[in-house]
*Asks:* 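First the structure, which I've put down as structure tokens, then a few questions once you've had a look.
Being a predicted model, the structure only gives us computed values, none of them experimental. Values below: every heavy atom of this structure, side chains too, minus hydrogens, waters and symmetry copies.
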Amino acid sequence: MPEVLRSTYWIREVDARDDEIVDVLGELHRLTFFDGAAIPSFETGHWWLAFREATPVAFAGVVPSTHVRNAGYFCRVGVLQRHWGQRLQLRLMRAMEARARRNGWNCLVSDTTANIVSANNFIRAGYRMFWPRYPWAFPETLYWRKSLLAGASSHSTHSKRR
């Protein structure tokens, strides 16, 4: 596989009310999730595309959380396999965090199920595992949280499983 330079990638927030953007997001979702996850409603929340030159190669989205008060839910990220290893998920996570701060959210939450690569990226990005009061996914799901409050320690404890 040819080496791909990180510097050739760029990320931008996109308007998911635009039909062409929705088509691109949908296609990237199909190419990265296959039939493993339902296509989300792109009209909700904020969405980003990562490009190599003019070609979309990754996407991510954050929506208001329905499970944690004043929080965003990092609902999707997909990177085409040819572009793995370029830190695109981490860069997309940083873009989402900046948007979440502008939205005034206190934190971001997410979950992973049987996805070691994404779990390691959450750790790299400073997310901590937590147990929500009302778990929303599968029994084997890992839940992630990152405080966006100034001065909050990334090592602070949040809800613990009782």
*Asks:* Check step by step if side chain to side chain contact (heavy atoms under 4.5 Å, CB included) holds for V109 and F74.
*Replies:* CA-CA 6 Å; V109 296; F74 174 12; over 6 Å; no
*Asks:* Pair up each side-chain donor or acceptor in residues 34-41 with any protein partner under 3.5 Å, not counting sequence neighbours, and list the distances.
*Replies:*
| unit_1 | atom_1 | unit_2 | atom_2 | d |
| --- | --- | --- | --- | --- |
| S41 | OG | E43 | OE1 | 3.1 |

*Asks:* Tell me every residue that passes side chain to side chain donor-acceptor pair (under 3.5 Å) with W144, counting only those two or more places apart in sequence or in another chain.
*Replies:* T112
*Asks:* Should W10 and V79 be regarded as members of a common hydrophobic cluster, given that ILVMFWY residues are connected when their side-chain heavy atoms come within less than 4.5 Å of each other, either directly or indirectly?
*Replies:* yes
*Asks:* With sequence neighbours excluded, what pairs up with E140 under the side chain to side chain contact (heavy atoms under 4.5 Å, CB included) test?
*Replies:* T113, F138
*Asks:* Can you see which heavy atom on F51 is nearest to which on P56, and at what distance?
*Replies:* CD2-N, 3.6 Å
*Asks:* Could you work out, with side chain to side chain donor-acceptor pair (under 3.5 Å) as the rule, every residue matching N70, not counting sequence neighbours?
*Replies:* N106
*Asks:* Taking side chain to side chain donor-acceptor pair (under 3.5 Å) as the test, write out the residues that go with S110, two or more places apart.
*Replies:* none
*Asks:* Starting at NE2 of H83, measure out to OG1 of T8 and round the result to the nearest 0.5 Å.
*Replies:* 8.5 Å
*Asks:* Taking ring-ring contact (aromatic ring centres under 6.0 Å, His included) as the definition, give me every residue that meets it alongside Y143, ordered by chain and number, with sequence neighbours left out.
*Replies:* W131, W136
*Asks:* Of all residues at least two apart in sequence or in a different chain, which pass the salt bridge (Lys or Arg N to Asp or Glu O under 4.0 Å) check with R17?
*Replies:* D15
*Asks:* A side-chain contact here means heavy atoms from C-beta on lying under 4.5 Å apart; do K146 and C107 qualify?
*Replies:* no
*Asks:* If hydrophobic clusters are built by linking Ile, Leu, Val, Met, Phe, Trp and Tyr wherever their side-chain heavy atoms come under 4.5 Å apart, do L31 and V22 end up in the same one?
*Replies:* yes
*Asks:* Among all residues two or more places apart in sequence or in another chain, which pass the side chain to side chain contact (heavy atoms under 4.5 Å, CB included) test with R102?
*Replies:* E13, A98, R99
*Asks:* Quick one: do F33 and L25 end up in the same hydrophobic cluster if we chain Ile, Leu, Val, Met, Phe, Trp and Tyr together by side-chain heavy atoms under 4.5 Å apart?
*Replies:* yes
*Asks:* Report the C-alpha distance between L49 and I11 in whole Å, list the side-chain angles of each, state the deciding distance to 0.1 Å, and finish with yes or no for side chain to side chain contact (heavy atoms under 4.5 Å, CB included).
*Replies:* CA-CA 6 Å; L49 289 172; I11 292 172; over 6 Å; no
*Asks:* Please check this pair: side chain of D18 against backbone of E20, looking for a donor-acceptor N/O pair closer than 3.5 Å.
*Replies:* yes
*Asks:* Partners of R12 by side chain to side chain donor-acceptor pair (under 3.5 Å), sequence neighbours excluded?
*Replies:* none
*Asks:* With sequence neighbours left out, write down each residue that passes side chain to side chain contact (heavy atoms under 4.5 Å, CB included) with D23, or none if nothing qualifies.
*Replies:* none
*Asks:* Looking at every non-hydrogen atom in both residues, tell me the closest pair between A50 and L88 and how far apart they are.
*Replies:* CB-CD2, 4.2 Å
*Asks:* Measure up the H46 and W48 rings against each other and bin them: parallel (under 30°), tilted (30 to 60°), perpendicular (over 60°).
*Replies:* tilted
*Asks:* Do Y9 and V57 come close enough that some side-chain heavy atom pair is under 4.5 Å?
*Replies:* yes
*Asks:* Side-chain contact, heavy-atom cut-off 4.5 Å: L108 with L148?
*Replies:* yes
*Asks:* Is any side-chain heavy atom of Y127 less than 4.5 Å from a side-chain heavy atom of S147?
*Replies:* no
*Asks:* What side-chain donor-acceptor pairs closer than 3.5 Å can you find for residues 59-67, not counting sequence neighbours?
*Replies:*
| unit_1 | atom_1 | unit_2 | atom_2 | d |
| --- | --- | --- | --- | --- |
| S65 | OG | H67 | N | 3.0 |
| S65 | OG | V68 | N | 2.9 |

*Asks:* L80 vs L28, test: side chain to side chain contact (heavy atoms under 4.5 Å, CB included). Steps then yes/no.
*Replies:* CA-CA 7 Å; L80 295 176; L28 284 170; 3.9 Å; yes
*Asks:* Applying side chain to side chain contact (heavy atoms under 4.5 Å, CB included), name anything that partners L90, two or more places apart in sequence or on another chain.
*Replies:* R87, M93, R94, N121, R124, A125
*Asks:* Could you tell me if R76 and H29 have a donor-acceptor pair between their side chains, going purely by distance under 3.5 Å?
*Replies:* yes
